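What follows is a single structure, written as structure tokens, with notes after it.
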Amino acid sequence: MPGAKTLLGDRGYDADWFRKALAERNIAACIPSKKNRKVPIPHDAMLYRQRHKIENMFGRLKNWRRIHTRYDRCAHTFMSAICIAATVIFWINQ
């Protein structure tokens, strides 16, 4: 898989050590600041709004019982089940 350029995360991932680790890997963090942060760190609000598409896809994948309960022992078999489910979900929505 290609390297990530930006990481979309919710407020739970707002930590200085996490942002520093992303910066060391040249990954931009699109994470809103927690409410209790004294100096808020700006983020790209338009990009953050696209995060719901990722959340919706995980929700749809979890509707598949095999994926939700992870019946497969091998990682490659589990990934194959995810790919099949994603293909079917994409095909149905067209």
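If you read the sequence from its start, that first residue is 1, and numbering goes on from there. Treat the numbers as computed from the prediction; the structure is a model and nothing was measured.
Atom SG of residue C30 and atom CG of residue L47 lie 4.5 Å apart, to the nearest 0.5 angstrom. Rounding to the nearest 0.5 Å gives a distance of 9.5 Å between CE of M57 and CZ of F90. For the atom pair CD1 (I92) and OG1 (T87), the distance works out to 11.0 Å, reported to the nearest 0.5 Å. Interatomic distance, R51 CZ to N56 CG, rounded to the nearest 0.5 Å: 10.5 Å. Rounding to the nearest 0.5 angstrom, the gap separating the CZ atom in R49 from the CG atom in D44 is 9.5 Å.
Residue pairs meeting the ring-ring contact (aromatic ring centres under 6.0 Å, His included) criterion with at least one member in residues 26-47, sequence neighbours excluded: H43-Y48.
A pairwise comparison of heavy atoms in Q50 and K53 identifies OE1-NZ, 2.9 Å as the closest pair. Between I67 and I82, the closest heavy-atom pair is CD1-CA, 3.8 Å. Taking each heavy atom of P32 and G9 in turn, the nearest pair found is CD-O, 3.4 Å.
Using a 4.0 Å cut-off between charged nitrogen and carboxylate oxygen, K35 and D14 do not count as a salt-bridge pair.
Taking hydrophobic clusters as Ile, Leu, Val, Met, Phe, Trp and Tyr residues chained together by side-chain heavy-atom distances below 4.5 Å, L61 shares a cluster with W91. Side-chain heavy atoms closer than 4.5 Å link hydrophobic residues (I, L, V, M, F, W, Y) into clusters, and following such links, even through other members, never connects Y13 to I54. Under the 4.5 Å side-chain heavy-atom criterion for ILVMFWY residues, no single connected hydrophobic cluster contains both I41 and W17.
R11 places a side-chain N or O within 3.5 Å of a backbone atom of S33 that can act as its donor or acceptor partner.
Residues meeting the side-chain contact (heavy atoms from CB on, under 4.5 Å) test with L7, sequence neighbours left out: F18, L22, I27, I31.
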